[in-house]
Amino acid sequence: MSPDARVLTEWFAKRARPLPWREPGTSAWGVLVSEIMLQQTPVARVEPSWHEWMARWPVPSALAAASPADVLRAWGKLGYPRRALRLRDAAAAIAITHNDVVPSDVDTLLALPGIGAYTARAVAAFAYRKRCPVVDTNVRRVIARSVHGAGDSGPASTTRDLADADALLPADDELAAQMSAALMELGATVCTARNPRCADCPVFDDCAWQQNGRPAYTGPVKPVQKFAGTDRQVRGLLLDVLRDTSSPVPKSRLDVVWSEAGQRERCLDSLLVDGLVEQTTDGLFALPGDQ
DNA sequence: CATGCGTGGAC
DNA sequence: TGTCCAAGCAT
């Protein structure tokens, strides 16, 4: 009553999308960069940026040597730009502490900025081909349905989710890595959040959700994230101004992006605190490192 | 454990 | 011109 490793890995070999960071020969650094970019950002928007980053910063030390301003501009509109700064910080730590080699050990990876439970295990599994349970939103949904027979996954629980995924993995390292990738791919392309394509599912016959009659999700409602009018929108508008200028700007250039002064000031302050914006000695504003 | 953190595409 | 969702993380 759960997805079979052989069935799923054979499906993956035939049907998986040809994503560039999955190509044989991709460096662990390339895998790490892809994983950070893919946190909450769709594949289609990540692909072009990933190619640019790999050409420009092929090793961690190269990214570490770049200015935050250059990194933030290259990040562009992938969203959540703090990820870009943390990736640069992680690259510096890798360059200095690990001889420019991305660690393969989960606990060592977890100690790096911006790398959490998912990303650490994804690097171990996909770059180093380890038997290491990888749990993202796709895997949680696939397990909720195919194993537990529920309509969707409830709130995340790292310990329980890892145990669920671990139980599905075969003993062999390489096969387990393929299985982890296959579970993610299944959730991303077939066992989707809305309108799952069950007719195309390789594990249809082993799916507990099917056998339960596809019950609707009954757990706690996940809160929907608003965007319009939030600080996230205002921060994005402020950063947009600074990404597009080559020299520091007076505050008046920032003031025009949002009419409510209180919120605008709060957002600018938080960007300064986050290290996403810098104020020059003459009181102008710029991306950090833009003088 | 709940929130806040960007952005844009698909319905 | 609304809602949901997308390979999470830090606090």
Side-chain angles (χ1 to χ4, degrees), chain A residues 12 16-17 19-22 30-50 72 75-87 89-90 109-127 132-142 152-162 165 177 180-189 191-196 217 220-243 257-258 263 266-267 270-271 273-277:
Chain A
F12 181 81
R17 298 163 294 173
L19 303 179
W21 43 85
R22 286 181 183 155
V31 172
L32 174 58
V33 170
S34 78
E35 295 300 343
I36 300 293
M37 288 182 169
L38 287 163
Q39 291 169 3
Q40 303 286 281
T41 302
V43 166
R45 266 199 291 154
V46 163
E47 269 205 62
S49 294
W50 184 83
L72 288 169
W75 191 258
K77 309 204 80 170
L78 290 180
Y80 295 140
R82 294 185 299 185
R83 287 183 292 166
L85 294 184
R86 291 189 183 124
L87 179 53
D89 290 342
L109 286 161
L110 283 171
L112 295 169
I115 298 188
Y118 162 76
T119 303
R121 289 174 176 81
V123 169
F126 303 143
C132 185
V134 178
V135 178
D136 73 334
T137 186
N138 292 306
V139 174
R140 297 202 319 111
R141 185 172 54 249
V142 168
D152 202 349
S153 53
S157 160
T158 303
T159 307
R160 183 175 47 71
D161 294 340
L162 283 176
S180 293
L183 287 167
M184 288 179 58
E185 186 74 358
L186 188 70
T189 64
C191 194
T192 50
R194 284 179 302 185
N195 308 328
Y217 174 70
V221 176
K222 304 163 187 176
V224 287
Q225 270 204 117
K226 296 300 175 199
F227 179 67
T230 63
D231 286 3
R232 285 203 321 291
Q233 182 185 18
V234 178
R235 285 165 56 106
L237 292 170
L238 292 169
L239 273 187
D240 219 15
V241 171
L242 300 181
R243 272 195 301 261
V257 305
W258 197 254
Q263 185 178 23
R266 182 175 68 242
C267 289
S270 72
L271 287 170
V273 167
D274 287 347
L276 287 162
V277 173

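Proteins come first, then strands; the chains are lettered A, B, ... in the order of their sequence lines, and each starts at number 1. Remember, predicted model here, so these are calculated numbers, not experimental data.
A straight line from CH2 of A:W21 to C1' of C:dA7 spans 9 Å, rounded to a whole angstrom. If you measure from atom NZ of A:K77 to atom C1' of B:dC5, you get 16 Å, rounded to the nearest angstrom. In this structure, A:N195 places its CG atom 8 Å from P of B:dC11, rounding to the nearest Å. As a whole-Å value, the separation of A:L78 CG from B:dC5 P is 19 Å. A:L271 has its CG atom 13 Å from the C1' atom of B:dG4, to the nearest Å. If you measure from atom CD of A:E47 to atom P of C:dA7, you get 14 Å, rounded to the nearest angstrom. Rounded to whole Å, the distance from CD1 on A:I36 to P on B:dG6 is 15 Å. Separating the CD atom of A:Q225 from the P atom of B:dG9 is a distance of 18 Å, rounded to the nearest angstrom.
At a cut-off of 3.5 angstrom, the base of C:dG8 holds no donor-acceptor pair with the side chain of A:T137. A donor N or O paired with an acceptor N or O is not found under 3.5 Å between the base of C:dC9 and the side-chain atoms of A:Q40. In the interface, the side chain of A:R232 is not paired with the base of B:dT7 through any donor and acceptor atom under 3.5 Å apart.
In this structure, A:R140 contributes its side chain and A:G154 its backbone to a donor-acceptor pair below 3.5 Å. Remark: the backbone N or O of A:L78 is paired with a side-chain donor or acceptor of A:R83 at under 3.5 angstrom. Proximity of a side-chain donor or acceptor of A:W50 to a complementary backbone N or O of A:G30 within less than 3.5 Å is detected.
Mapped onto DNA chain B by nearest heavy atom, A:S157 and A:D240 fall at different nucleotides, with A:S157 at the one closer to the 5' end. Both A:N138 and A:R194 lie near DNA chain C, and the one whose nearest nucleotide falls closer to the 5' end is A:R194. When each of A:G79 and A:P155 is assigned the nucleotide of DNA chain B bearing its nearest heavy atom, the one mapping closer to the 5' terminus is A:P155.
Side-chain N/O atoms of A:R243 include one lying less than 4.0 angstrom from OP1 or OP2 on B:dT7. Between A:T192 and the phosphate of C:dC5, there is no side-chain N or O to OP1/OP2 separation shorter than 4.0 Å. Checking the phosphate oxygens (OP1, OP2) of C:dT3, a side-chain nitrogen or oxygen of A:K226 falls inside 4.0 Å.
The same atom, P, is picked in B:dG8 and in C:dC9; the two are 23 Å apart, to the nearest Å. B:dT3 and C:dA7 have their P atoms separated by 22 Å, with the value rounded to a whole Å.
Backbone-only contact: A:G116 has heavy atoms under 4.0 Å from sugar-phosphate atoms and none from a base. Among the protein residues, A:A117 comes within range of the sugar-phosphate backbone only, with heavy atoms under 4.0 Å from sugar or phosphate atoms but none that close to a base. Residue A:D274 is out of contact with every strand shown, counting any heavy-atom pair closer than 4.0 Å. Within 4.0 Å of A:T119, counting heavy atoms only, lie sugar-phosphate atoms of the nucleic acid but no base atom. Here A:L19 lies in heavy-atom contact (under 4.0 Å) with a base. Residue contacts shown for A:P81 are limited to sugar-phosphate atoms, with no base heavy atom under 4.0 Å away. At the heavy-atom level, A:P113 lies under 4.0 Å from the strands shown only through sugar-phosphate atoms. Heavy atoms of A:A122 sit nowhere under 4.0 angstrom from any nucleic acid atom. Using a 4.0 Å heavy-atom criterion, one finds that A:R141 contacts the sugar-phosphate atoms exclusively. Across all strands, A:R235 comes closer than 4.0 Å only to sugar-phosphate atoms, never to a base (heavy-atom distances).
You'll find that the side chain of A:R86 is closest to C:dA10, out of C:dA10, C:dC5, C:dA7. Checking C:dC4, B:dG6, C:dA7 against every side-chain atom of A:A188, the shortest atom distance belongs to C:dA7. Closest to the side chain of A:R45, from the set C:dA7, C:dA6, C:dC9, is C:dA6.
Salt bridge A:E185/A:R22: present, at least one basic N to carboxylate O contact under 4.0 Å. Ion pairing between a basic and an acidic side chain is recognised when a charged N comes within 4.0 Å of a carboxylate O; A:D240 and A:R243 show such pairing.
You'll find the side chain of A:Y118 reaches within 4.5 Å of the side chain of A:V134, heavy atoms only.
Looking only at atom types and distance, the side chain of A:R235 has a donor-acceptor partner in the side chain of A:S270 under 3.5 Å away.
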